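Following: one structure in structure tokens, then a few remarks.
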There are 4 protein chains.
Amino acid sequence: MTVSTVSRRVPVQARSEQRLKAILEAARHVFSEVGYASATMTEIAGRVGVSEATIFTYFASKRDLCVRVLGNWYDEIITQVENELPLIAGTRNKFAYLVRTHLYRLSVDGTGLCALILSEGREKDDKFGDVIVELQRRYTAPMMNVLAQGMASGDIRGDMPLGLLRSVVYGPMEHVLWDAVRKQRAVDIEATAASLSDLLWQGLVPPDAQEAALRQLRSDVIGAVKRFEAAALK
Amino acid sequence: MTVSTVSRRVPVQARSEQRLKAILEAARHVFSEVGYASATMTEIAGRVGVSEATIFTYFASKRDLCVRVLGNWYDEIITQVENELPLIAGTRNKFAYLVRTHLYRLSVDGTGLCALILSEGREKDDKFGDVIVELQRRYTAPMMNVLAQGMASGDIRGDMPLGLLRSVVYGPMEHVLWDAVRKQRAVDIEATAASLSDLLWQGLVPPDAQEAALRQLRSDVIGAVKRFEAAALK
Amino acid sequence: MTVSTVSRRVPVQARSEQRLKAILEAARHVFSEVGYASATMTEIAGRVGVSEATIFTYFASKRDLCVRVLGNWYDEIITQVENELPLIAGTRNKFAYLVRTHLYRLSVDGTGLCALILSEGREKDDKFGDVIVELQRRYTAPMMNVLAQGMASGDIRGDMPLGLLRSVVYGPMEHVLWDAVRKQRAVDIEATAASLSDLLWQGLVPPDAQEAALRQLRSDVIGAVKRFEAAALK
Amino acid sequence: MTVSTVSRRVPVQARSEQRLKAILEAARHVFSEVGYASATMTEIAGRVGVSEATIFTYFASKRDLCVRVLGNWYDEIITQVENELPLIAGTRNKFAYLVRTHLYRLSVDGTGLCALILSEGREKDDKFGDVIVELQRRYTAPMMNVLAQGMASGDIRGDMPLGLLRSVVYGPMEHVLWDAVRKQRAVDIEATAASLSDLLWQGLVPPDAQEAALRQLRSDVIGAVKRFEAAALK
DNA sequence: AATGAATGAGTCTTCATTCAT
DNA sequence: TATGAATGAAGACTCATTCAT
């Protein structure tokens, strides 16, 4: 039997559950604020009020801690969306819901994490491996489905790659929030979400089909009304 | 060079001028590739082929070097835009030009710098402070002008804050490029620029045309209803 | 148990006795496998299936545990030898028995312990101090007696210090086993023991026989020369 | 171009050459005294009178430093042996020379290194890889050649594997020296070398061939003398 | 002007040991 | 008696920065 490098068992008692949460929360904030490379275990430990060694009792490494922080964040929001989205009808409404939810989530605690994901996710040595990629995929899946279905049904223009649409949707939201953080200003989530939904949807809608559809609709109504009038006057 | 915080005498001879440029260039690449925190003076010095100490002859600190790198990058593109933009007529054309130029610039050497700005520009200790905010402001000024003038002329919808429009424009581009970097794929700049210009512009355009159509439709329906009521009462 | 430095009350119940043995056994293996410095209480505790704190209920410190492990190991083999050796007759046979037993013991679980003794027994701060020296002395006593008696009886050459003979006997065995461990090969204990006994014994035997032969030869030659000279002068 | 992890260039100036030697020497002592695992860079740096960081300017890692220490040690003695051995004639004389040299070298500064080699060389994760194995092979090559040639020429018994003979030769020497270190006593190298050479050689010589050869020789001489006498008297 | 050399201040991580329960 | 939890002390290693030459 070889000597195995057993990392100590993670504490599981009631009391330590709280500590674990505290560490995760502190870590979430620190990673958010300064990014992975600049975040230090010392800082995180200091915020929780424990020694650095204690953190290593709960997490195997800085990397592990970060992965768990990200995982938690994703899990929370993924769960929420998976529960609420099915209750909403209509492509346009689903779209607006996803925009609003994303914006809200990011604004609460995610801006930094998002930056983290984006900037650390590209390291060559894939420090976080496919963990992030997979989480990201799961997280954006609902939006991608909405967009894909919209394309299929003709609600959304089909002349651009889906990946580009994703960037068009998520890019502005991240940008808005970074801007806010950088300028230390609060964001009016509801107003911003409404505006973005509106503007982006208008961009996503098929360019001519839009007017065509309106014209068609109007002629239909007019036709119907005329037929009705004719019938009524008879 | 916009901002500088040099504490030592900068050499002014011809040879030194070249060296300074070489250092800036190497630093730009390194910062781009690995971010501020992970970039090392050793690596930069190594690429230039000088000792680390030499860099400190030209720059007071790593921070200073980075600020100068960013400043240079901004200066280059700002200069380019200030020269070329006036030659282009039409809000829509100017908009497309700016999108294309931004995308092109970022894709060449700016993605990493962009990440740098976004992830380092938020540090608690205000490492780069307002330097970046100011540079960013100057850089986006032309686009902001185009958008503002578009609003004034009625080419662009006026029902949303200008800052939001900026996010709508720049957000997707950054997103697209990070995506590309993360997936190690090249971006077809021209195609992407065209698509983004198209889609975004459609979103930016005042929804008047649509509203007009809708208003017309509504008045049609209302008229029909009135006539129907009249007929029914007859 | 020979030496102990326990500072806490050792449990005396039946259950505890077993646990103590289990800890000692696990510790023996771990120390064997990786040496004192690299052995961890976590690993030992893990193998026993108890918490690290429990070990400290039985042993005052890692050092104490290690000393006890070594003491136990020595005790076992010393007891065995003290029981079996008297049953064997003849210096040569006793010698072979001790070689075989030592080799066998070391190969079973002692190589690592041996390394432990050799490499840790030298520390500046006298980590194990004279404990090991004393154990070692007791352990080698039987062999030393055999050698001393052999010398007295003329079976073994008396022209070298006893201590040197000890090295000649134990050195090769340790060397053989380390070689085996390093090369990850099993040792044929019986064959090796036989070969070593044979070779070493031949070296240990008084060189008298050979000297006698040589002396004879020399006198023969001298005699011949004299006769030759006499003949030549004739 | 990827960011390469360039370790800083090793200093090469005259002044630093001395420092390098000083570090190597201090390291040799420390590793000797406490083994690889227990040796600390702090201790080594302290002895040289420099900061820990300085050592890392010269050596990439603790492992690297240790490998260099070992390499140096081996190189010195290998060079010496390769120069001197050819000047010595006769298997027996070469053997004695190698024993004496090994003993002398070890006693000067190698005991600890030897322990290091033996105890660290067996780690599973082959911390030092084949480096040590190869050095060890080169170092023992001359002795192995002498033994092999002795076997071929019948000077040495051929009924045992060469590897075992190596252990028989080197084992006692290491044992003698460890004993000395452990007991803090000096060794009389010359006397010990002579004794060991004598005793070991006697063990190595073919068991019966020895006496047979002597008998043969004597009869040859006797025969020759008789024939000579007969001729002379005629 | 350039740099070889050195280092102080951290960084992550490990682990024997303690103690309240 | 046993242990979950916590931690102080230390260890290898990094790197921006300084300074004499």
Side-chain angles (χ1 to χ4, degrees), chain A residues 5 7-16 19-20 37-45 50-63 65, chain B residues 8-13 15-16 19 37-45 50-63 65, chain C residues 8-13 15-16 19 37-45 50-63 65, chain D residues 5 7-16 19-20 37-45 50-63 65:
Chain A
T5 309
S7 69
R8 309 189 177 192
R9 289 176 294 294
V10 174
V12 284
Q13 283 196 346
R15 190 214 207 129
S16 58
R19 182 135 293 178
L20 189 127
S38 295
T40 72
M41 301 304 270
T42 308
E43 172 67 20
I44 296 169
V50 298
S51 79
E52 288 173 60
T54 299
I55 297 185
F56 283 93
T57 304
Y58 291 84
F59 301 92
S61 65
K62 183 184 178 184
R63 183 191 165 287
L65 174 55
Chain B
R8 309 189 179 192
R9 47 209 156 18
V10 173
V12 283
Q13 292 192 344
R15 170 93 171 280
S16 304
R19 181 141 292 180
S38 296
T40 72
M41 302 302 269
T42 306
E43 175 65 25
I44 295 169
V50 299
S51 80
E52 295 147 272
T54 300
I55 297 184
F56 283 90
T57 308
Y58 290 86
F59 301 91
S61 65
K62 183 184 179 184
R63 181 192 166 287
L65 173 56
Chain C
R8 305 188 183 197
R9 45 205 157 18
V10 174
V12 283
Q13 292 191 343
R15 171 94 170 278
S16 304
R19 181 142 291 179
S38 296
T40 72
M41 301 302 271
T42 306
E43 175 65 25
I44 295 169
V50 299
S51 81
E52 294 147 273
T54 301
I55 297 184
F56 283 90
T57 307
Y58 291 85
F59 301 91
S61 66
K62 184 184 179 183
R63 180 191 165 287
L65 173 57
Chain D
T5 310
S7 69
R8 309 190 176 189
R9 287 176 296 294
V10 173
V12 284
Q13 283 196 346
R15 190 217 206 126
S16 57
R19 182 135 294 178
L20 189 126
S38 295
T40 73
M41 302 304 269
T42 308
E43 172 68 20
I44 295 170
V50 298
S51 77
E52 288 174 59
T54 298
I55 296 185
F56 284 94
T57 305
Y58 290 84
F59 300 91
S61 64
K62 182 184 177 183
R63 183 190 166 287
L65 174 55

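In this text, all values refer to a predicted model and were calculated from it rather than measured experimentally.
One interatomic measurement links the two molecules: CD1 of D/Ile44 to C1' of F/dA10, which rounds to 15 Å at whole-angstrom precision. Taking atom CZ of residue C/Arg63 and atom P of nucleotide E/dA16, one finds them 15 Å apart after rounding to whole Å. Atom NZ in A/Lys62 sits about 21 Å away from atom P in F/dA12, given to the nearest Å. What separates CG of B/Leu65 from P of F/dC15 is a distance of 16 Å, to the nearest Å. Atom CZ in C/Phe56 sits about 17 Å away from atom C1' in F/dT1, given to the nearest Å. One atom, CD of B/Glu43, and another, C1' of F/dA16, lie 15 Å apart when rounded to the nearest Å. As a whole-Å value, the separation of D/Glu52 CD from F/dA10 C1' is 10 Å.
When B/Lys62, B/Arg19, B/Met41 are each tested for a side-chain contact (heavy atoms from CB on, under 4.5 Å) with B/Ile55, only one passes: B/Met41.
Nucleotides of DNA chain E nearest to D/Ile55 and B/Ile55 differ in position, and the one nearer the 5' end is that of B/Ile55. Map A/Ser61 and B/Thr54 each onto its nearest nucleotide of DNA chain E; the residue landing nearer the 5' end is B/Thr54.
Distance from the side chain of B/Thr57 is smallest for E/dA2 among the nucleotides E/dA2, E/dC12, F/dA16. Side-chain proximity of B/Arg19 to the nucleotides E/dT3, F/dT1, F/dT3 is greatest for E/dT3. Proximity note for A/Val50 (side chain, C-beta onward) versus F/dT1, F/dT7, F/dA6: the nearest is F/dT7. Taking the side chain of B/Met41 as heavy atoms from C-beta on, and the options E/dA16, F/dT3, F/dA16, the nearest nucleotide is F/dA16. When distances run from any side-chain atom of C/Ala53 to the nucleotides E/dT13, E/dT3, E/dT18, the shortest one goes to E/dT18. Distance from the side chain of C/Ser16 is smallest to F/dT1 among E/dA1, F/dC13, F/dT1. Checked against E/dC12, E/dG4, E/dA1, the side chain of B/Ser51 finds its nearest nucleotide in E/dG4.
D/Thr40 comes within 4.0 angstrom of sugar-phosphate atoms only, judged by non-hydrogen atoms across all strands, and of no base. No contact: C/Ala45 has no heavy atom under 4.0 Å from any strand.
Residue B/Tyr58 has a polar side-chain atom (N or O) positioned under 4.0 Å from OP1 or OP2 of E/dA2.
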Checklist entry - So what does the secondary structure string of DNA chain F come out as, 5' to 3', with Watson-Crick or wobble pairs under 3.5 angstrom, [ ] for crossing and | for pairs with another strand? => result .||||||||||||||||||||
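For D/Glu52, there are no salt bridge (Lys or Arg N to Asp or Glu O under 4.0 Å) partners at least two apart in sequence or on another chain.
Summarising the geometry of B/Phe56 relative to B/Ser61, their closest heavy-atom pair is CE2-CA, 4.1 Å, with the distance given to 0.1 Å.
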Checklist entry - What do the steps show when you test C/Ser51 against C/Thr54 for side chain to side chain donor-acceptor pair (under 3.5 Å), and what is the final call? => result CA-CA 5 Å; C/Ser51 81; C/Thr54 301; 3.2 Å; yes
